[in-house]
Amino acid sequence: QVTSFQRVAVCSLSTSSPHDHPEHGRLVYKGNLAKTVLGVKFFSYSTSIFNLFMMPYIMLKSGIGVESLLVQAAFYGLIGIFTFVTPVTLHILTKGYVIRLYYKDEMDTYTAITYNAILAEKATVFHQKDVKIPDITKMFTTFYAKTKSMLVNPTLFPNPQDYNHLMGYDKSSFLKFEDLEE
């Protein structure tokens with residue numbers, strides 16, 4: 001049996017970093033709102049499911065079936081907005097939020113981990129050359145990976161060179177300091 005002290009010693013002798021992923025590469029970014037996004041989406045989904053199950057009971061007890069067609073349409077429309085539109089809107093706004101971003105040096109590929117519609121993690125693999133920066137700053141988009149919008153916070157990159165490489169700033173046609181001296 002291995003004691004906790006021995007386990008710590010064995011883990012510290014390991015050659016791989018705890019931020020490395022064997023399939024995706026080196027962790028270069030971790031979003032600080034991942035748990036919040038997951039919690040808000042889960043809460044929205046759970047309240048929508050609750051609404052769907054409570055709707056027959058509410059209609060039966062309230063007697064809304066007897067009222068006019070206009071009142072029924074307004075009632076169902078209001079419940080429909082909270083039941084369906086809110087979770088769909090939340091998913092559209094947060095589907096590009098990057099939870100974790102990995103980089104593989106040897107292949108120059110990134111793997112962005114996001115949440116899909118059923119709250120499972122989804123991996124999107126792309127090359128640095130697939131990154132497009134929008135001409136106009138968009139609210140929920142930092143860059144496009146192929147055609148998918150991605151949202152990252154540049155200040156959360158532990159190494160600023162990783163962000164610069166992701167965005168292509170390290171090999172862009174911007175003037176460099178050395179060019180200005182000449």
Side-chain angles (χ1 to χ4, degrees), residues 2 4 6-49 84-177:
V2 178
S4 62
Q6 291 170 330
R7 195 174 314 125
V8 170
V10 169
C11 289
S12 66
L13 292 175
S14 174
T15 58
S16 66
S17 167
H19 301 294
D20 288 347
H21 190 278
E23 183 182 340
H24 303 308
R26 177 177 56 93
L27 181 68
V28 295
Y29 172 83
K30 188 172 182 181
N32 62 347
L33 295 177
K35 288 183 180 180
T36 305
V37 167
L38 182 65
V40 168
K41 286 176 87 170
F42 179 76
F43 178 74
S44 177
Y45 288 174
S46 62
T47 57
S48 293
I49 291 169
F84 298 109
V85 175
T86 304
V88 169
T89 304
L90 276 173
H91 173 68
I92 289 170
L93 294 177
T94 61
K95 70 180 178 181
Y97 182 74
V98 177
I99 303 164
R100 292 182 310 277
L101 185 67
Y102 295 95
Y103 177 64
K104 258 191 175 170
D105 293 319
E106 60 273 1
M107 298 175 66
D108 197 26
T109 59
Y110 289 91
T111 303
I113 308 295
T114 58
Y115 289 124
N116 64 10
I118 59 170
L119 305 180
E121 290 186 356
K122 177 185 173 188
T124 304
V125 179
F126 58 95
H127 291 278
Q128 192 284 322
K129 66 182 180 214
D130 297 329
V131 172
K132 303 282 185 266
I133 302 169
D135 294 332
I136 300 171
T137 305
K138 300 200 176 181
M139 187 176 291
F140 297 103
T141 304
T142 307
F143 65 92
Y144 290 100
K146 298 179 182 172
T147 58
K148 185 174 180 179
S149 66
M150 299 282 180
L151 176 66
V152 295
N153 183 348
T155 61
L156 295 179
F157 281 82
N159 186 356
Q161 286 79 17
D162 288 328
Y163 177 74
N164 290 338
H165 182 68
L166 169 70
M167 301 301 277
Y169 296 152
D170 58 347
K171 55 184 160 197
S172 68
S173 60
F174 294 116
L175 289 175
K176 296 180 181 167
F177 184 72

key: Donor-acceptor under 3.5 Å (Lys146 side chain, His127 main chain)   = no
**Message:** Has Gln128 got a side-chain atom pairing as donor or acceptor with Leu166's backbone, closer than 3.5 angstrom?
**Reply:** yes
For Glu121 and Tyr115 the tightest heavy-atom approach is CG-CE2, 4.1 Å
Note: Thr141 and Ser149 closest approach over all heavy atoms is OG1-CB, 3.4 Å
Between Ser44 and Thr86 the two heavy atoms that sit nearest each other are OG-CG2, 3.9 Å
If we ignore hydrogens and angles and just use 3.5 Å, is the side chain of Thr142 paired with the main-chain N or O of Val152 as donor and acceptor? yes
Q) Please walk me through it: do Val28 and Asn159 pass side-chain contact (heavy atoms from CB on, under 4.5 Å)? A) CA-CA 7 Å; Val28 295; Asn159 186 356; over 6 Å; no
In terms of heavy-atom contacts, Tyr102 and Gly25 come closest through CD2-O, 3.6 Å
For atom NZ of Lys104, decide whether the heavy atoms of other residues, nucleotides or ligands shown that lie under 6.0 angstrom number more than 12. yes
Partner of Tyr110 under ring-ring contact (aromatic ring centres under 6.0 Å, His included), picked from Tyr163, Phe143, Tyr29, Phe126, is Phe126
Distance col, row Asp170:CG vs Met167:CE, nearest 0.5 angstrom, shows 11.5 Å
Correct closest heavy-atom pair for Asn116 and His91 would be C-CE1, 3.7 Å
So do Arg26 and Asp162 actually touch side chain to side chain, heavy atoms under 4.5 Å?
yes
| field | Any side-chain heavy-atom pair of Asp108 and Tyr103 under 4.5 Å | value | yes
Of all heavy-atom pairs linking Leu90 and Val40, the shortest is CD1-CG1, 3.9 Å
Rounding to 0.5 Å, atoms OG1 (Thr109) and NZ (Lys129) come to a distance of 10.5 Å
